[in-house]
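Protein chains get the first letters and strands the later ones, always in sequence-line order, with residue 1 at the start of each. As the structure is a computational prediction, the values presented were derived from the model and not from experiment.
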Amino acid sequence: MINQRKIFLKELQRIKGTQDILPEESYKWQFVEAITRRVMHRYHYLEMRTPVFEMTELFARGIGQLTDIVSKEMYTFADRGKKSLTLKPEMTAAIMRAFIEHKMYARQPVSKFYYIAPLFRQENPQAGRQRQFHQFGAELIGSSDARADAEIIDLAMQIFTEIGLNQLQLRLNSVGDADSRKAYREILKDYIRPRLDQYCPDCQRRFEDNPMRILDCKVETCTGLNQEAPKITYHLNQASQAHYSQVKDQLTRLGIPFTEDSSLVRGLDYYTHTVFEVTSGALGAQNAICGGGRYDLLAEELGGQPAPAVGFAAGMERTIMVAEAQGLSLGRIPAVDVFLAALGEQAQNEALIWLKKLRATGLHAETDFQNRSVKAQMREANRLEARFVILMGDNELERGVLTIKDMQQSSQEEIAAADVPGYLQQKTGNGDDRA
RNA sequence: GUGGAUGUAGCUCAGUUGGUUAGAGCAUCAGAUUGUGGCUCUGGGGGUCGUGGGUUCAAAUCCCAUCAUCCACCCCA
């Protein structure tokens, strides 16, 4: 046995960056998920579930070969047929794949989906970052209208609001369409080139592959150098310019405050036009709770018909972290309405059928499974904060009654056995299936 | 992949310049009350001190390695 324990400790622990969500935590997840679904449905986004793994090629093409996610963070493995598969590192590419595969563009011009899903990235864990993490998000496919961008942002903010989060910052930027981006890229490189040697090694490496990411660098000397860098928003072509100002106009009409931030460059290659991020000061270094934007080129990139689209993704773990930092209560562990204390062999034989009867009325009913003393069972009932205890012993069984103790009042009375379910249902309010 | 901090009971933590049976609070179980919870009191169970090696008469304590966790970098939700 000692050896077994040793083996367990050394080899069978959960893997780095993963988490067991125990009952004392899972009810919070259920609470956040319930709000998410409720709001999504109200905005008429419908759920899409896709497999946890996909062809590796989907993400390589969708997210971009040069991104960190694809180049070093994916969980990739070969199946028996030697196909290269990958655990989803993000949801958008998977949703778009399903959208194309099921020819959903042919059903209606605009499709709206939401998801709540586990995702996998092989990074080193830290506050707010796990290797298996969870996101909820939404995608609106088929519209290039600025109102679609605005609805997506509104939807994300609405969910946070209904959860009760406050003091979130919404940062907004536009990375333009493909033409704007290409032109700006050269303008930016022209600015950086003469002072490239002053930038940090990471930025020097980014210069050729992804110069726009240099704007997002947090190294002090780099942020200093970037102060004077040309801003993309001044170098957008007319169409991009117009879209961006329409989005801002729509957000203003919706009363959603935002900050323009020309350094906001998201890490996935598929973004065009609008990009945004929602951050909270309540988090650590990983302060983004939600990110998103428009991705008009992704459908084509994946071999589908062109389809403009916009979406957001929010971190479940981070959302819950912010909520807890704010002291919000996120639901509660289901209460026990009635605890059945069975005394003696005969009563124990009756216990399960009685529980079943009570549960059928919607009551949350629990009993003891250890043949313990009345005292121990009462203690257990108290620990569970049971509202009522049914005492069932030979005494009661002989006379066809049950003793019902009200744990709050510390009073008890005998009730005819047949009347007990109705009696308790009435006493506890209704005995429906709450929480 | 890199850096820093931390690993002692289920949890939160004490443990002196190395010294003999490693402690506390909470939790848990039982008793005080042989069919009655909370409060109180009494008692019990539960630790190869992360793991492996080294130094020493003697290691939770010192040294080395290793693993894990946390935080940070990179990047992202």
Classify the angle between the aromatic ring planes of [X] and [Y] as parallel (below 30°), tilted (30 to 60°) or perpendicular (above 60°).
X: A/His273; Y: A/His243; answer: tilted
X: A/His134; Y: A/Trp29; answer: perpendicular
X: A/Tyr270; Y: A/Tyr295; answer: tilted

Donor-acceptor pair (no angle test) under 3.5 Å: [X] side chain, [N] base:
X: A/Gln135; N: B/C76; value: no
X: A/Arg318; N: B/C76; value: yes
X: A/Glu396; N: B/G35; value: yes

Whole-Å distance between [N] [atom2] and [X] [atom1]?
X: A/Leu402; N: B/U36; atom1: CG; atom2: C1'; answer: 15 Å
X: A/Asn287; N: B/A72; atom1: CG; atom2: C1'; answer: 14 Å
X: A/Tyr271; N: B/C76; atom1: OH; atom2: P; answer: 10 Å
X: A/Glu24; N: B/C11; atom1: CD; atom2: C1'; answer: 10 Å
X: A/Gln377; N: B/U34; atom1: CD; atom2: P; answer: 16 Å
X: A/Ile69; N: B/C74; atom1: CD1; atom2: P; answer: 16 Å
X: A/Met378; N: B/A32; atom1: CE; atom2: C1'; answer: 18 Å
X: A/Lys16; N: B/C70; atom1: NZ; atom2: C1'; answer: 10 Å

**OP:** State plainly whether the residues A/Glu260 and A/Lys248 are in salt-bridge range, i.e. N to O under 4.0 Å.
**Re:** yes
Candidates [options] - which lies nearest the side chain of [X]:
X: A/Ser410; options: B/G35, B/G38, B/A72; answer: B/G38
X: A/Asn395; options: B/G35, B/G37, B/C71; answer: B/G35
X: A/Asn124; options: B/U2, B/A72, B/G37; answer: B/U2
X: A/Leu343; options: B/G35, B/C73, B/A68; answer: B/G35

Under 3.5 Å side-chain donor-acceptor pair for [X] and [Y]:
X: A/Arg121; Y: A/Tyr75; result: no
X: A/Ser263; Y: A/Asp261; result: yes
X: A/Asn226; Y: A/Tyr199; result: yes
X: A/Asp406; Y: A/Gln412; result: no
X: A/Gln167; Y: A/Ser280; result: no
X: A/Thr50; Y: A/Lys88; result: yes

**OP:** Would you sketch RNA chain B in dot-bracket for me? Only Watson-Crick or G-U wobble pairs with both distances under 3.5 Å count, crossing pairs as [ ], other-strand pairs as |, the rest as dots.
**Re:** (((((((..((((.....[...)))).(((((.......))))).....(((((..]....))))))))))))....
Subject >> Which residue lies more 5' along RNA chain B, comparing A/Ala288 with A/Ser411 via nearest heavy atoms >> reply: A/Ser411
Subject >> Most 5' of A/Asn382 and A/Cys290 on RNA chain B, judged by nearest nucleotide >> reply: A/Asn382
**OP:** Dump the intermediate steps for salt bridge (charged side-chain N to carboxylate O under 4.0 Å, His left out) on A/Glu54 and A/Arg97, then the final yes or no.
**Re:** CA-CA 10 Å; A/Glu54 296 274 357; A/Arg97 191 227 82 226; 2.4 Å; yes
Subject >> Axial cation check for A/Phe207 ring with A/Lys189, 6.0 Å and 45° limits >> reply: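 Yes, A/Lys189 lies over the aromatic ring of A/Phe207.
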**OP:** Kindly confirm or rule out a cation-pi arrangement of A/Arg195 over A/Tyr191, judged by NZ or CZ under 6.0 Å from the six-membered ring centre and within 45° of its axis?
**Re:** yes
Whole-angstrom distance between [N] and [M], as gauged at atom [atom1]:
N: B/G7; M: B/A60; atom1: C1'; answer: 11 Å
N: B/G4; M: B/U12; atom1: P; answer: 25 Å
N: B/G52; M: B/A9; atom1: P; answer: 16 Å
N: B/A5; M: B/G10; atom1: C1'; answer: 25 Å
N: B/C39; M: B/A32; atom1: C1'; answer: 14 Å
N: B/C13; M: B/U56; atom1: C1'; answer: 30 Å
N: B/G15; M: B/C62; atom1: P; answer: 12 Å
N: B/C11; M: B/U28; atom1: P; answer: 15 Å

Output a table of nitrogen or oxygen pairs between the protein and nucleotides 29-31 of chain B separated by less than 3.5 Å.
from: B/C29; atom 1: OP1; to: A/Arg372; atom 2: NH1; distance (Å): 3.2
from: B/A30; atom 1: OP2; to: A/Arg379; atom 2: NH2; distance (Å): 2.7

Tell me what [X] touches on the nucleic acid: a base, only sugar-phosphate, or nothing, going by heavy atoms under 4.0 Å.
X: A/Lys405; result: base
X: A/Gln412; result: base
X: A/Gly284; result: sugar-phosphate
X: A/Ala381; result: nothing

**OP:** State whether A/Gln126 places a side-chain N or O below 4.0 Å from either non-bridging phosphate oxygen (OP1 or OP2) of B/A72.
**Re:** yes
**OP:** Would you please confirm or rule out a distance under 4.0 Å between OP1 or OP2 of B/C73 and any side-chain N or O of A/Gln286?
**Re:**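 For B/C73, OP1/OP2 do have a side-chain N/O of A/Gln286 under 4.0 Å.
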Quick test: give all pairs of protein nitrogen or oxygen and nucleotides 43-45 of chain B nitrogen or oxygen below 3.5 Å, distance rounded to 0.1 Å.
none

Subject >> From A/Glu139, A/Glu47, A/Glu151, residue fulfilling salt bridge (charged side-chain N to carboxylate O under 4.0 Å, His left out) relative to A/Lys112 >> reply: A/Glu151
